[in-house]
Amino acid sequence: MAWHFALMIDPADVDDTRSDFAATFTEVDPAAPALTVGELSTQRGDGIFESIGVIDGHPQEVEAHLSRLAHSAQLCDLPVPHAEQWRQAVALAASACGAGEAVIKLILSRGIEHGPTPTAWVTAAPAADFSIARSRGIRVVTLDRGYALDVPSRAPWLLLGAKTLSYAVNMAALREARRRGADDAIFTTSDGYVLEAPTASLILRRGDAFLTPAPNAGILHGTTQLSLFEHLAAQGFETGYETIPVAELHTVDAAWLVSSVRLAAPITAIDDVDVPMDAALTVSMNDYLLSPRD
Ligand code: PLP
């Protein structure tokens, strides 16, 4: 039977000087009820989260995930997460993971309506099997997210750059992609630029250069994309952030969706137009992503 792990966290103030946060953790039965009906994460999706890939018990890129959690908290006016407390919670969750691939989720919610503090918890569970997406690739369609490129700066309350728990729109986009016969989607702006996928970042290859849409356009700055760019740069490739018109999608030499748990899935078609797939490069990217990274 699949193993699971869940830990409730009593969030510490950011200036708490303790070195050991064990007293703030309560391990709970992941199959038993743990939240009250007043929880604003369940009522309104009012909270933030992170999903960390775990390989053979090693949690990948913990610091990058903790920085993004802090960034999302700031955008959502949630208390600053205490990095060391969350680091210790991640270590405990990782020690409950067996061999193979797993996922640790960090969740920080606004808490209980009229309650005194946010609610926070961490879970660990085996990851789904993404070997086919990694080896055979995925077909994607472009979907208009309905906002112009400048909306994130004009309307920050839309929280477009925060990893909030409100993923109903992202899940609806994935269902729409499947209705259109594809495996996944690439969101575009209403004025014709490329953004990200509902649960992944987009990386494009043009010659020896690898590019991705600039994260200031209201998309998440992917920890996998960041890590892969460092790896590619160390191999002598050029990497960069650009504002990419949708039409350019059909001129690229290769493309991938990348994320913490699925890792690098090569794109084989965009809107039914074939995209070249570099199988050998994809294997080396995933070998790197599957190696222990910090
Ligand atoms: N963009 C969105 C909307 C996501 O949900 C995710 C991951 O869940 C990503 C990008 C990729 O981020 P990461 O590589 O940190 O998993």
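Sequential numbering from 1 along the given sequence is applied to the chain's residues. Read the numbers this way: they start at 1 and go in the same order the structure lists the ligands and their atoms.
Between L220, L228, T224, it is L220 that holds the heavy atom closest to atom 2 (C) of ligand 1. Nearest to atom 12 (O) of ligand 1 by heavy-atom distance, out of Q225, R262, R68, H221, is R68.
Distance from atom 11 (C) of ligand 1 to its nearest protein heavy atom, with residue and atom name: S201 OG, 3.6 Å. Summary of contacts: the protein heavy atom closest to atom 15 (O) of ligand 1 is T223 OG1, 2.6 Å. At the top of the distance list for atom 1 (N) of ligand 1, counting protein heavy atoms only, stands E196 OE1, 2.8 Å. In terms of protein heavy atoms, atom 8 (O) of ligand 1 is closest to K163 NZ, 2.8 Å. Looking at atom 3 (C) of ligand 1, its nearest protein heavy atom turns out to be P198 O, 3.3 Å. Looking only at heavy atoms of the protein, atom 10 (C) of ligand 1 is closest to A200 C, 3.3 Å.
If you chain together hydrophobic residues whose side chains sit under 4.5 Å apart, L220 and L165 fall into the same group. Using a 4.5 Å cut-off between side-chain heavy atoms of Ile, Leu, Val, Met, Phe, Trp and Tyr, with links allowed through other members, L92 and V28 fall into different hydrophobic clusters.
Side-chain contact between F130 and L263 is absent, with no heavy atoms from C-beta onward closer than 4.5 Å.
In this model, no donor atom of one side chain and acceptor atom of the other lie less than 3.5 Å apart for Q225 and T212.
Side-chain N or O atoms of Q60 include none that pairs as donor or acceptor with a backbone N or O of T223 at under 3.5 Å. For R68 (side chain) and H221 (main-chain N/O), a donor-acceptor pair under 3.5 Å exists by modelled atom type.
The environment of CD1 in I132 is sparse: at most 12 heavy-atom neighbours from other residues, nucleotides or ligands sit within 6.0 Å.
Contacts between A197 and ligand 1 below 4.0 angstrom, taking non-hydrogen atoms only, involve the backbone exclusively.
Residue-ligand proximity, Y167 to ligand 1, at heavy-atom distances under 4.0 Å covers atoms 2 (C), 3 (C), 4 (C), 5 (O). The S260 neighbourhood of ligand 1 comprises atoms 13 (P), 14 (O), 15 (O), 16 (O), with distances under 4.0 Å to a heavy atom of that residue.
Checked against the 6.0 Å centroid criterion, the rings of F229 and F237 do not qualify as a close aromatic pair.
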